[in-house]
Amino acid sequence: MAINWFKYSAPSTFYGLAGKLVPWFAWPSAILFVIGLYIGFFVAPTDAVQGEAYRIIFIHVPASIMSMFLYLIMAAYAALGLIFNTRLSSMMASALAPTGALFAFISLWTGALWGKPMWGAWWVWDARLTSELILLFLYFGFIALHASIDDPRRADRASALLAILGSVNVPIIYFSVKWWNTLHQGSTVKFTGTSMHVAMQQAMFITLVACWMYAIAMTLARVRSIILERERNTQWVAELPEVRS
Amino acid sequence: MNKLSLFGLLRLVISRDLMLAMRRRADVLTTLIFFVMVVSLFPLGVGPELGMLRKMAPGVVWVAALLASMLSLGRMFSADYLDGTLEQMLLAPQSLSVLVLGKILAHWMLSGLPLVLMAPVLGLQFDMSVQSLWVLIASLLLGTPVLSMIGAVGAALTLGLRGGGVLVSLLVLPLCIPVLIFGTGAVEAAASGMSVASHLSLLGALLVLALVFTPWVTAQALRISME
Amino acid sequence: MLEISNLACTRGDHQLFSGLSFSLSEGELLQVQGENGKGKTSLLRMLCGFLAPAAGEIRWRGQDIRDLDEEYYAEMVYLGHLNAIKDELNALENLRIGAGLAGCEVDDKEAIAALRHMGLRGRETLPVKVLSQGQRRRVALARLLVGNAPLWILDEPLTALDVGAVGLMQELIGTHLAKNGMVIFTTHQPLEVAGVETRRLTLA
């Protein structure tokens with residue numbers, strides 16, 4: 001069956017498709033979170049060095065991975081919108097930003113919670129935590145720039161340029177922070193166990209998949225509201241049953 | 001009537017911005033005085049022990065330079081935007097990137113270069129060694145143009161927005177972190193007797209990278225902002 | 001020369017105009033009319049390439065102006081609401097820099113001649129901030145004299161001008177059209193050029 005992809009690049013058709021897809025990602029996400037966290041908290045064995053405190057990685061690691069991936073995906077959508085002038089891509093970029101920022105924030109928060117029992121300090125200037133903090137700043141910049149421009153078209157294009165610039169800069173920032181960290185002999189958050197137990201790997205993988213599902217569901221739900229907001233004066237929005245009632 | 005060459009355009013834009021600044025000298029001085037003040041506040045905040053000040057000096061001078069260069073970013077395009085000159089620049093039949101490069105270079109000469117020249121004097125306040133001072137000057141010479149270039153993109157993106165001045169810092173500061181790290185790293189390396197070549201060459205690499213890409217990105221940002 | 005086909009313009013949610021088509025050839029004068037807020041300035045800014053059309057095409061010598069980019073800009077002059085002159089500089093410096101940005105190097109003699117033609121004799125080296133609004137507009141208009149671009153796009157060229165200067169503008173446009181130039185302008189004042197029929201385009 002050939003799918004006409006271009007049909008779904010129009011906001012009006014994508015609105016309906018996204019609405020149908022949201023539950024298919026939201027429910028599996030919730031179920032996988034429960035399973036993954038159950039394995040992580042109750043099945044996986046206690047770590048010989050870190051005790052029970054290490055279990056925070058089942059949230060911390062997926063959140064960190066997601067925050068970085070989502071920035072790149074956001075920049076890619078923004079670039080598509082800038083180059084091909086497709087409105088939906090730009091809307092996807094602005095729908096992804098808050099979820100990405102949320103993951104970056106969770107990653108920092110859990111990192112701090114992990115740091116306290118490990119080093120006795122809430123915050124250590126570890127290379128990865130510091131990069132994560134800068135990533136959060138980059139998300140804030142994107143969101144703030146988009147929010148302060150009234151004309152949605154200019155907002156999309158300006159923040160797209162910023163996102164591209166940011167994504168080019170992310171590797172440079174990461175490298176420079178790592179370099180800075182080794183020079184100052186900072187601590188590095190590393191998993192100290194010799195090898196990861198199978199249950200740990202399973203839990204980590206399952207929560208990571210759950211995070212992906214969550215991110216997709218949230219983004220689709222958010223892009224639906226953005227579409228409604230931007231297209232509020234069009235005929236098809238006025239004819240929607242949820243708008244008419 | 002002759003057609004203007006690309007180099008002629010570059011010279012025209014730089015000399016124009018310098019001439020305008022010379023007729024409005026207060027702006028240049030404000031940035032410089034801000035830089036001096038911020039650096040001088042640190043000993044008052046943390047205490048006058050020379051050992052600690054010597055250790056802090058590179059970071060303090062570099063962070064102050066970073067903040068001072070943010071201060072003048074708002075002016076880079078806004079005056080031209082308000083009086084319509086920017087419209088004419090966008091209609092220039094030569095490369096807009098070259099024109100933007102001219103504006104960036106002029107901005108650096110007016111806001112970056114004075115900081116570089118003032119830095120050794122401030123370094124003396126922190127009891128830095130002569131060798132460290134030379135490295136500080138070198139790192140600022142390589143680093144401050146990058147700050148102007150990255151800043152130009154931010155200034156172009158926030159053109160004409162309310163609260164643009166604060167917003168531009170929010171956008172630009174995270175992107176400037178590598179410059180800060182390599183810049184202070186060089187001076188710290190010099191202070192502890194290590195080789196500074198790697199730091200300075202990385203700064204040089206950032207400068208080349210910025211020189212190649214940022215004028216074009218800024219030009220695109222200006223076109224977006226003028227819609 | 002300049003062909004506009006099926007042009008549409010939207011600002012925000014609001015559609016200003018759509019399906020606009022016209023063309024302009026050598027020696028023609030076009031006045032864009034319409035009430036405030038009907039999109040006159042937007043149309044002119046679109047012709048400058050500042051605004052992207054929501055639909056339609058703008059072609060210069062058969063090619064889209066977005067593709068021509070700098071080649072097109074070499075053949076046009078735009079004079080907007082804003083004068084694009086600096087208070088801190090004098091009239092002469094302003095004119096030379098303005099011409100430089102438009103790609104031509106003008107020496108002092110040519111520049112002074114242009115300023116005198118615009119009735120600014122004796123004001124050439126005064127800082128622009130001491131000039132009146134009308135005199136500033138004259139400094140901006142002097143740019144038309146020092147270039148040789150065939151297409152002039154003038155947004156309200158007559159604001160702040162006195163009767164004498166309006167006459168001067170009519171003469172200036174007449175000479176330009178006689179040299180196979182093209183002029184598109186908006187104005188709320190009457191502007192007639194002897195011997196040339198003014199075409200009118202009304203945005204409603």
Side-chain angles (χ1 to χ4, degrees), chain A residues 71 75 78-79 81-83 85 90 101 104 125 127 130-186, chain B residues 55 59 143 146 149-189 192 194 198-199 202-203 205-206 209-210 212-214 216-227:
Chain A
Y71 192 86
L82 187 64
I83 296 164
N85 213 358
S90 305
W125 288 93
T130 311
S131 307
E132 196 69 48
L133 182 67
I134 299 169
L135 187 67
L136 183 65
F137 290 159
L138 291 179
Y139 274 117
F140 283 159
F142 180 91
I143 296 170
L145 182 63
H146 202 286
S148 56
I149 304 178
D150 293 327
D151 177 24
R153 199 182 130 83
R154 180 183 162 191
D156 283 343
R157 286 151 56 84
S159 44
L161 210 58
L162 184 72
I164 296 168
L165 194 70
S167 61
V168 173
N169 232 297
V170 161
I172 301 178
I173 291 174
Y174 185 71
F175 169 72
S176 67
V177 169
K178 242 178 116 170
W179 166 287
W180 163 80
N181 193 246
T182 46
L183 280 186
H184 293 263
Q185 276 110 41
Chain B
K55 207 155 179 276
V146 184
M149 287 186 234
I150 300 177
V153 183
L157 285 173
T158 55
L159 201 59
L161 299 182
R162 53 198 139 64
V166 186
L167 186 61
V168 74
S169 309
L170 189 64
L171 305 185
V172 170
L173 281 175
L175 300 176
C176 289
I177 288 170
V179 183
L180 175 70
I181 289 176
F182 297 131
T184 51
V187 187
E188 278 168 11
S192 53
M194 289 189 297
S198 53
H199 289 90
L202 280 167
L203 265 184
L206 285 182
L209 210 66
V212 173
F213 290 109
T214 51
W216 184 81
V217 177
T218 310
Q220 298 308 311
L222 285 176
R223 290 205 190 279
I224 290 172
S225 295
M226 282 304 285
E227 276 210 351

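Within every chain, numbering begins at 1; the chains are lettered A, B, ... in the order of the sequence lines, protein sequences first and strands thereafter.
Contact check for B/V217 versus B/M149: no side-chain heavy atoms found under the 4.5 Å cut-off.
Within the 3.5 Å criterion, the main-chain N or O of B/I150 finds no donor-acceptor partner in the side chain of B/T214. Within the 3.5 Å criterion, the main-chain N or O of A/Y71 finds a donor-acceptor partner in the side chain of A/Y139.
Nearest approach of A/S90 to A/G81, heavy atoms of both residues: OG-CA, 3.6 Å.
Relative ring orientation between A/F175 and B/F182 is described as tilted, the plane-to-plane angle lying within the 30° to 60° band.
Taking CD1 of A/I134 as the reference point, atom CZ of A/F140 lies at 13.5 Å (rounded to 0.5 Å). Here the straight-line distance linking atom CG of A/L162 with atom CG of B/L175 works out to 6.5 Å at 0.5 Å rounding.
Of the atoms belonging to B/T184, not a single heavy atom falls under 4.5 Å from chain A. Looking at B/L157, the atoms closer than 4.5 Å to chain A (heavy atoms on both sides) sit in the backbone and in the side chain alike. For B/L167, the part lying under 4.5 angstrom from a heavy atom of chain A is the side chain only. Interface remark: B/V153 contributes side-chain atoms only to the contact with chain A (heavy atom separation under 4.5 Å). With a threshold of 4.5 angstrom between heavy atoms, A/V168 does not approach chain B through any atom at all. For A/L82, the part sitting under 4.5 Å from any heavy atom of chain B is the side chain, from C-beta outward, and nothing else.
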Decide side-chain contact (heavy atoms from CB on, under 4.5 Å) for B/I181 and A/K178; before the verdict, give the C-alpha distance in whole Å, the side-chain angles of both, and the deciding distance to 0.1 Å.
CA-CA 10 Å; B/I181 289 176; A/K178 242 178 116 170; over 6 Å; no
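Your options are B/G185, B/G154, B/A221, B/P178, and the one with the most heavy-atom pairs under 4.5 Å with chain A is B/P178. Contacts with chain B were tallied for A/L138, A/I172, A/L145; A/L145 has the most, counting heavy-atom pairs under 4.5 Å. Between chain A and the residues B/M194, B/R162, B/Q220, the most heavy-atom pairs under 4.5 angstrom are made by B/R162. The candidate from B/L180, B/L173, B/L159 with the greatest count of non-hydrogen atom pairs under 4.5 Å with chain A is B/L159. When the candidates A/V170, A/I173, A/V177 are compared by the number of heavy-atom contacts under 4.5 Å with chain B, A/I173 comes out ahead.
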